[in-house]
Structures are given as structure tokens and as C-alpha cells.
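First up is the structure itself, then whatever we jot down about it.
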Amino acid sequence: MPLDLPKAYDATAVEPDVYQRWETSGCFKAGAGARPGKPSYVIAIPPPNVTGVLHMGHALNNTLQDTLIRWRRMQGHDTLWQPGTDHAGIATESVVVKQIQEEGKTRDELGREAFLKRVWAWKEQSGGKIVHQLRKLGASCDWSRERFTMDAGLSRAVRVMFKRLFDAGLIYRGTRMVNWCPVQQTALADDEVEHIEKNGHLWKLRYDLEDGSGSIVVETTRPETFFGDTAVAVNPEDERYKHLIGKRVRLPIIGRLIPIVGDEHADPTKGSGAVKITPAHDPNDYEVGKRHSLPLIQVIGFDGTMTTEAAHFAGQDRFACRKAVCAELEASGVLLGSTQIQHSVGHSYRSNAPIEAMVTEQWFVQMKPLAERAITETVEGRVQFHPERWAKVYGQWLTDVRDWCISRQIWWGHRIPAWKCGACGKHTVAIDDAQTCQHCHSADIVQDSDVLDTWFSSALWPYSTLGWPEQTPEMARYFPTSTLVTDRGIIFFWVARMVMTSMFALDQKPFSDVYIHGTVLDERGDKMSKSKGNGIDPIVMISGGTQKYLGKEFTCPGYGADAMRYTLLDMTTEGQDLKLSPSKFETGRNFANKVWNAGRFLLMNLSEQPLAAPPSDEQVRAAIIGFPEQWLLDRLQTATDECTTALERFRYNDYANGAYRFFRDDLCDWYVEWAKRRFKAGGEQAQAAATILAYAFERVLRLLHPGMPFLTEHLWQHLQAQTGGAMWQGFLMLQAWPEPVAALRVPGTAERMARLQAIVTAVRNVRNLVGLADGVAVAAEIDGPDELTADAEFLTDRGNLSTLSILAGATKPPQSVTTVVGALKVHIPLSGLVDLSKVKVQLSKREQTLTKAISGKEGRLGNADYLARAPAEQVAETKAMLEAERAELANVRETLTTL
RNA sequence: GGGCGAUUAGCUCAGCCGGCCAGAGCACCCGCCUUACACGCGGGCUGUCGCAGGUUCGAAUCCUGCAUCGCCCACCA
């Protein structure tokens, strides 16, 4: 072997170096490789948690983005893939809180300033990790423009947006019932609450009437809240209870008297029909309370323990209290028993703790006006979802959306730019820190201690990263962005809110297309997650290593990013979930190795058959010295079209597959095998084969590049070194995406090839039919026109299939089977090769199936409806097939008589 | 309670704006270390296209109903 290249592709030895050269050469910079006249193409990365680590979901998400960006960059668009990270308020804060707790301290002991210092330190320490992992993936982001949601610029954008919304009357402060997480002690937005079906009890409690005339039974899932009951509601139409309205009952243990009120909320068909009303701890009850002016009594504190309202249970955890209260109420005969039920309980999507409904004062965004415009953009097609069905989900959510609670009682995040005046009590909202109250000019003002929901800053991401609110050149050039690639899990959190804020503040959509990809699942079909231990570490798959997966350890030698990317692309079909296992990535690894070796084969031959320069379209056309060459180049045009169309439609698997089919089946299996003959023949033939191969291989490297960037770049550099010349310069990643070359198309080529392949199939069928052992060659003869001779040569040496002799007007040799391919007859002499008596049996079977097939077709053609309604083409096809089968049957019969 | 998705070869999935005898990869079987690749080559086996109806000359593909699994939404005391 003239070239000292390893037989097996070692991605781990190649990828880091290739990436380094791209990055230092400025290949990732916005606009790199852009050609005049092409519009911009922009993707804003879904910013990962700054302190997070790359998981398979990120790998998928970013592979899809990188594939699009690389493809568009090659097409000559002015591309920008805007990278960055998110401060992830609650998630990051709780990690640091845990760290501090392990040191035996609390957040509050540390104080706000010192705590924030700690978080920043943690961010600095771990913040680079995920960004470096993205590099391992091959992500071609413009790292020079990396942003963080708490950068100065982005923080200013947050303040500007807050002020604009406030000034427009769309941000307000209000006392409302919100979702409260007792673990993190903060309010949460509605969509930050996950409802989980839990087994629970429905307890029956007996409340005695004040006048001793009896009692009323209420049912509840939360008996511990009875301390906060301020009424019992019954339906005003309910005959059972109508007469009790206005009377009072006495609460157990504490003896407080509460009224029985009539309210529509009480459903006579549910439970006992009477319901306890706890306005401070239930959203429904809160509404009932408002209607009847009932007092709010908070019995569960913000930390999840009972307040002093709960008598001697004060200080107990809410769940411990439930048990204790039940025990005590049962002993005193108030608790009349319980039934098992299933009900959904809200949990914090961050801390997983059961949330409490709490009445607090918070900041809200009024959503209706914002939502309406966001819906319009989608309905009118300016923002398009792929797959389309997500537009419905998105629209539905926006239609029913409730106001967004944006204040969080944590420290890590954008502090709310509102100052409360100690003198007049009003708020001053300002972009730059306020010094005096704008209402009464008092200097006695204090900034709100809360921070904003993380999603508030994420909502500005596509434009805050480009410099908004300044009118920067980047804003002019790269906004609106083009495609957003994300997970269905954050359509509400993120996608919808980006559209809303963008329409509000810029009067423009933030992106044109939203591609929603599937969720990464393990091999059993469960969502991958740290806690379940079923995640596959992308870095282990890329660089190698050992990890635990589904309770077992597995070791990966390091398949490389290309291998992983290819597998992910191959599995990405129209937003379907991806069921992965470590072995799945062998698909990509094997294909990468195939590409590598085909490259080696070409380089080896080029060293013996050097090309003066990379072949141009014209030169490769001149090198078409036979049908195989004509076919390969024609096929290349089709493959080019297929890849382009697939990417335009976000059909990643079609793209991966289209490139794969051409590469493996057509280029390697057919043409490379054929080229070996050309190289052996030497001279002009060898030169032509080298030209064709070098050209086709180079084109397909371009087609593969968006999916497998490292390997293709590496091979391209080798190819370039070997062929030099003016055409192949610089980096593959900045070369032009192939366009179909009309001059290399020859109409009818595919059909001609299909006919040849049909001969192969026909011969194989006969071989199987007669039970010919593998490895036994037959010399089939084709009875057809002269011009087939050259074509059929192409079939020769396709493995140990057969040797084909092409004889125009050949007569049937004795003891041979004849098979019919279109207008051709293929004679396969079997004399001495097989037991002819067995062949007879097989042929009789074949005779039967043919007879059956023929009668079926005759039936169809005898059907007047079919002839009248089916397209003429279809009918003609059926007729042709019928004729072919008849001819074959005749041959089979003839053969039978000769055997 | 509502919505969405899935159900095709042993496994993972394509195909589904109706008609090219239902496809790929993996697994399996047979034959090959053929001088690019055994992470390979050549060949082969495997499917009542979830069930029941309907529309149509013709349905995996359209319609209706059902079943199973999964996801999302929803203030089910």
C-alpha cells in the first residue's frame, strides 16, 4: 500500500485536530464562505444550562442544527449559528444551595451578595464545560459571539423589555393565588408545574352544626388544611342542603365557627355534595372566598410547615401533619373514613416537590394581547412548524393562556428593575438603576428583591444576542433568524414566548421555521434522564470511555462525532422519538469506516494514476468512456437532488439515507468494483476511472459533509494534497454545496441500469430456483441486441454471481433454463451443474405460480371497470407484465420438455 | 375529561397527498480473509402492514369504530 493510512478509521485521532484548524482559521465566523446575493441564514442555539453537561438530547438537537448550518453555509448563505448559555435560575441556584448546605451553611446565612459570588464562581468553574462538549460534537457555532443570558448586554435587554411591557400596562403587580414550591420557596409559573397522577385518599370529615341540630359531611384530599377553612359550600339548588345555607358549623379541634354558603362551585354529584372552603390554599376555594368575602387563613407556611393557625400542629411538616390530624380526627369521631382515589398532584418541574397554592403578591405579564399576535404569525404561516401539527398545540396553549407569573423569590437571575417607594408606596420601573421615586421624587426607594423567571430572558434570546435594543449591524443583518430547532417540551416555555416578545417589541417574528424533533429514549422506550440512569453519554460515544447505562457498565472505544451524528440523523424522522441503545451507533461507525476506506482506495489509485488537477465538470464529462461512467455521474445528479430536497424539507433521515445509498450501493458496490477493471486495463481506461472516481467521490464528500463533517474534511484534505490544483482549496466546509450538473445527465440512464440489474435479479432467481450452490459460476447468455454487450460487461465480476456472455440472437443452449427480462431472453446453461430432476420439480412449481399470476392479470384486464377507471399507464403496465409472464411460462414449459 | 402520536420482518424504523409483486439497518442462515474496507464482500430467510367495518376497479396508504402503548393539556373537593 503506497499510502500509510490505517485500515480502520480512527475518529478520535482525527476529530480534535480538524476542529482546531476550523476554529483557528475562522471557518465558524458569521458570514464565512458567504457568496454575494445569498440571504442570511441564522440559527439561535437553544442555550443550554451554563453549568450543565451535554446529554444525548443536546447531541441530537445540535446535530440537527449543525447539519442545517453547514449545509446552508456551503450553499453560500451568510450564516450565523449564534451560541450561548442560559443562567437557568432555579436549577443553578439549587445546585449551589446544595453545595453550601453540604458545608453546613445556609443561603440566608451567607447573604445575597456572598451567595451570588458563589454562584458566579460556580458558573466560571463549570461554565465552559458544555460549550467545549459542543465543540466535540462538531458544532460550527460562531464562538466569537458567544453570549450568556446574564451578560451586561442581555441583562440590559431584559430591563428594556420589562420597562416596555410595564409602560404598555402588560406587566403588573398583583396579589393572586400562585404555585408555590416550598422546597425552593419561590413562586412558579403555571407551566412550571407538572401534574402527576398519585394514589391518595378522599377523607370524610363531619362538621357539626353550631346549633347542635346535626352535622354536615365534607370530603377532602387535604384534611390538614381544615384549619384554614372559612366556609362550607353547598350548591344552592341542592335539596339536601338548601335549608342549611346561612347556618354555621364548628370546626373540630379549634372550635372556630364558619358559615355554610351556597355556591355553584359545589357539585352535588361529587363527594357528599358539600365542600370545605380553604381560600388560602386552593385556587377554586380562593374564588369562592372572593365571591363570599371569606377571610384567608394561611395554615401552611412558605416552607411547607404548619403555621400557628394549626393549633398544636404548628411547625409540623404538611405531610406529617396530615397523618397526625387524621389520627386525631379519627379518634374524636370527626373523620368518618376514607376512600382510595387517584388524583393529580402538582409538582415543581425543578425540585419535584409537591407545590402548594399560595396567595402572594407577585409580578405578572398580561398574556392575552401578546398571545393574539403570536397566534396570528403562525396561523398566517409566517412562523411555520415542522411537523405542522405542533402549530395546533402551540395555538391551543396560546388561546387558553393565563397571565404569567414572572417573579421568583430566588437570588440567581435578573433582579426585577422596579423600586418601591417608601414614601408613596408606588413602583418606579427603570432601565438604569433608579435613584428617586418617579411619582413623588422621594429618595426612599428600594429595589424589588425578586428576580425574573429564567424564561423571561430566554424569551428575548434570538435578538438580545444580536445586540437588541441597540440597532446593531447584526440586528440588521441577521434578524429575524431562520430556523429554530428544539424539543416539544419547551414549545410553551420558550417558543411561544419568543414569538410574543418579538412581536411586541420588534413587530417582527423571531424566526421563520420551527423544527420540533423527537425525544431521545432508551432502548426500553423510557425518556433518558440522569435520575433513571438510562442516559447514554455522547462524549463516551464520541471519545470513548466507560459508563453506566441501565444498571450495566459498557465501554465504547470512541466512535467519533461523525458516527454518532450519522446515526442520529438516520433515526430522525418527522419528529418521531428516537429509541437508542449504545449499539445503535455502530451504524454510523460502520458507515464512517466505509467512507474512510473508499477514500483510501481512491487515494491509493491516485498515487499511481495521478491527476494533473481536480477534474472539472467538462473534464469528467470527457472521461465518460462507457455506460458505467455515464450511469454513475447521472446517478450522482439524482443523489444530489435527493439530498438537497431532503434538507429543504427537514427530512434528515432521507438526507442521511440518500447519501448513504449513493455512497455505498452505487459508488462502492458498483462503480468501485468496476473501476478495478479499468485500473487493471491501464492507459486511458485507468485515467478515465481515476477522473470519474475522484470527481464523484469529491462531490459525495460535499454531500456528506453537513452530517459527517470531520471525516469528510479530513479526507478532502488528503485528496487535495494528492491532486492539488486550483479548484480544491481551503476547507471542505466552505466549499459549495453541489448543484446538479445538467450536462452530466443522460435521460434513460437509470432505466438502462435498472434493466441490467433486472438481468442480475433474473439470473439470481434462476439460481435459487434450481438450487445452485453458492460459488458455482454459470455462463448466462443474453439473447438480445448488440449494444447490450458493453453494458452487460458491467455486470461481470459482481461477486461470484455468474459470468454473462452476451450473444446477440443466441440460440438456446441445450439443458438450459431461459428467463425473460423485458424483451430479452437470458439463457442459463445448467448442464452438469445441478441435478436436473430436481430442477424439473422446481420448474413445475414455477409453472404453477406463473399460471396463477397470469390468470390474476387476465382477470384484472377482463374487468371492464378496471379498464375504464385505472390510468392507461397502469393498464399498459399490467398488459406488459402479463405478456412477460406468458413468455416466461412458455420458456419454462419448453425447458421442461428439453430436460 | 380533552387533544396528539404510535401500532409494518425477531429488534429499531422507512413507506402512508391510493396502483411500480411491502423496504432499510441490525440480528439470523449460507459462501467468501476477492490486493479499499471482516467496522467488510456476495447471496439468502423472515411480514394475516394492531383489530373490525366502509369507500374504491384497486388500501399498509383514505373514512368510521375499537384495542393496546406513549406524550401533552385540564382548578376531577
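Proteins come first, then strands; the chains are lettered A, B, ... in the order of their sequence lines, and each starts at number 1.
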Counting side-chain heavy atoms from CB outward, which of [options] is closest to [X]?
X        : options             : answer
A:Val672 : B:G5, B:A36, B:A77  : B:A36
A:Lys584 : B:A36, B:G5, B:U12  : B:U12
A:Arg869 : B:U56, B:G40, B:C37 : B:U56
A:Lys676 : B:A36, B:C37, B:G25 : B:A36
A:Asp865 : B:A36, B:C76, B:C57 : B:C57
A:His343 : B:G5, B:A77, B:C73  : B:A77
A:Ala266 : B:A77, B:A38, B:C57 : B:A77
A:Ala870 : B:G19, B:A77, B:U12 : B:G19
A:Asp267 : B:A77, B:C72, B:C57 : B:A77
A:Ala8   : B:A77, B:G40, B:C39 : B:C39

Using the [atom1] atom in both, what is the distance from [N] to [M], to the nearest Å?
N     : M     : atom1 : result
B:U55 : B:C76 : C1'   : 40 Å
B:C63 : B:G19 : P     : 15 Å
B:C21 : B:C16 : P     : 15 Å
B:C62 : B:C30 : C1'   : 43 Å
B:A60 : B:C13 : C1'   : 15 Å

Salt-bridged, [X] to [Y], with N to O below 4.0 Å?
X        : Y        : answer
A:Lys584 : A:Glu586 : no
A:Asp403 : A:Arg176 : yes
A:Arg402 : A:Asp190 : yes
A:Lys579 : A:Asp522 : no
A:Asp577 : A:Arg488 : yes
A:Arg649 : A:Glu574 : no

So, do A:Phe385 and A:Trp390 have ring centers that fall under 6.0 Å from each other?
-> no
Are A:Asp570 and A:Asn657 linked by a side-chain donor-acceptor pair shorter than 3.5 Å?
-> yes
Determine whether the side chains of A:Glu192 and A:Tyr349 contain a donor N or O and an acceptor N or O closer than 3.5 Å.
-> yes
Scan residues 561-574 of chain A against RNA chain B and write down, sorted by residue number, each residue with any heavy atom closer than 4.0 Å; if none is found, say none.
-> A:Met571, A:Thr573
With a 4.0 Å cut-off on heavy atoms, is A:Thr278 in touch with a base, just the backbone sugar-phosphate, or nothing at all?
-> nothing
Could you tell me whether the side chain of A:Lys204 and the main chain of A:Leu335 form a donor-acceptor pair under 3.5 Å?
-> no
Using only heavy-atom distances, decide whether a donor-acceptor pair under 3.5 angstrom links the side-chain of A:Lys594 to the base of B:C37.
-> yes
Under 3.5 Å, is there an N or O donor on one side and an acceptor on the other linking the side chain of A:Arg389 and the base of B:C4?
-> no
Note on RNA chain B: ranges paired as stems (three or more Watson-Crick/G-U pairs in a row, both atom distances under 3.5 Å) are B:1-7 with B:67-73, B:10-13 with B:23-26, B:28-32 with B:40-44, B:50-54 with B:62-66
